[in-house]
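Quick note: residue numbers are just sequence positions, from 1.
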Amino acid sequence: MKLNDRTLFTLGVFVLVLGFLVLSLDYQPRARLVPLIIAVPTLLLTLLQLLIDMVPAVGRRFSFLQEYDLFGIDTGRAAAPSGESCPSGTVFRRELNFAAWLLLLMALIYFIGYLVAIPLFLVLFLRLRSSESWLMTLSITVATWAFVYVVFIVIMGAPLHEGVVWKAVGL
């Protein structure tokens, strides 16, 4: 059993989200739906991460998860040892790149709305930034869009932002 900074951070996230979940149980049934939708998968994923970090057999079983580096943060096996550091220009470019992707997502949501922006952004991000295969890109995109549609439109009946372009056109 290893207890390092990464494991302590994951444990902290787990405890924090668990606290939010417990507090949300006092809400009205409709009001606690969003905290439950966010907290339950987060707890499951942080629990999986804790098991991967703390139990070597589980870590070996799920070693394929460490190969993905979507945001270019070098956390996998190829990461530089902790004694070496990246040049500050490289770190700044990486952070600027990440901020640009987030700004693109926000602009897409503002102009064309959630239900169109989410799949468009995911296809762009997964193909251009992460170089994922079309099968992986389309699978993630369809699953994410379906999740957002079912949870927010069907179950909660929440009106999502439709985008200023669609409002201006009259759709």
Side-chain angles (χ1 to χ4, degrees), residues 5-55 58-59 61-62 64-73 75 95 98-130 132-171:
D5 292 344
R6 179 183 174 135
T7 307
L8 289 174
F9 177 77
T10 306
L11 185 61
V13 170
F14 182 83
V15 169
L16 184 69
V17 172
L18 184 63
F20 286 140
L21 178 66
V22 169
L23 289 174
S24 73
L25 294 178
D26 289 337
Y27 297 168
Q28 297 294 324
R30 192 164 168 92
R32 76 172 152 239
L33 191 58
V34 172
L36 285 173
I37 289 170
I38 294 170
V40 171
T42 304
L43 285 174
L44 293 173
L45 290 172
T46 54
L47 184 61
L48 175 64
Q49 185 62 51
L50 281 171
L51 289 172
I52 288 171
D53 290 344
M54 297 175 78
V55 181
V58 176
R61 175 70 175 105
F62 290 98
F64 65 92
L65 293 175
Q66 295 178 355
E67 295 172 10
Y68 290 100
D69 188 21
L70 292 178
F71 298 108
I73 55 175
T75 59
E95 290 172 354
F98 182 70
W101 279 103
L102 286 179
L103 287 174
L104 173 64
L105 176 61
M106 290 189 305
L108 287 172
I109 290 171
Y110 177 75
F111 286 110
I112 60 177
Y114 279 97
L115 293 178
V116 178
I118 289 172
L120 179 61
F121 175 80
L122 284 173
V123 167
L124 290 172
F125 182 81
L126 292 171
R127 287 297 296 169
L128 299 177
R129 175 68 176 98
S130 301
E132 290 293 339
S133 69
W134 277 109
L135 178 63
M136 178 70 76
T137 298
L138 294 177
S139 299
I140 291 172
T141 301
V142 168
T144 303
W145 186 87
F147 177 80
V148 168
Y149 184 81
V150 167
V151 168
F152 289 100
I153 304 296
V154 175
I155 294 175
M156 293 177 45
L160 296 176
H161 178 67
E162 297 171 354
V164 295
V165 170
W166 304 124
K167 286 181 183 176
V169 173
L171 295 176

Is any side-chain heavy atom of L47 closer than 4.5 Å to a side-chain heavy atom of L43? no
Does some side-chain heavy atom of V17 sit less than 4.5 Å from a side-chain heavy atom of T46? no
Distance (rounded to the nearest 0.5 Å) between F152 CZ and L33 CG: 9.0 Å
Rounded to the nearest 0.5 angstrom, the OG1-CE distance for T10 and M54 is 10.0 Å
Enter the distance from I37:CD1 to I155:CD1 here, rounded to the nearest 0.5 Å. 6.0 Å
Compare all side-chain heavy atoms of M136 with those of L126 and state whether any distance is below 4.5 angstrom. no
Parallel, tilted or perpendicular: which fits the ring planes of Y110 and H161, with parallel below 30° and perpendicular above 60°? parallel
Does the R32 side chain pair with the main chain of S24, one donor and one acceptor, at a distance under 3.5 Å? no
For the pair W166 and V116, evaluate side chain to side chain contact (heavy atoms under 4.5 Å, CB included) and give the outcome as yes or no after the intermediate values. CA-CA 10 Å; W166 304 124; V116 178; 4.0 Å; yes
So, W101 side chain and F125 main chain: donor-acceptor pair closer than 3.5 Å or not? no
Closest approach of A117 to I109 (non-hydrogen atoms, all atoms of both residues): CB-N, 3.6 Å
Minimum heavy-atom distance L11-L50, with the two atoms named: N-CD2, 3.8 Å
The reported gap from CG in L120 to CG in L115 (rounded to nearest 0.5 angstrom) is 13.0 Å
pair W145-L122: side-chain heavy atoms closer than 4.5 Å: no
Around Y114, counting heavy atoms of other residues, nucleotides and ligands shown, do more than 12 lie under 6.0 Å from its OH? no
If I take atom CG from residue L36 and atom CG from residue L21, how far apart are they, to the nearest 0.5 angstrom? 6.0 Å
Which distance, rounded to the nearest 0.5 Å, do you find between the CZ of F121 and the OG1 of T144? 11.0 Å
If we ignore hydrogens and angles and just use 3.5 Å, is the side chain of R127 paired with the main-chain N or O of E132 as donor and acceptor? yes
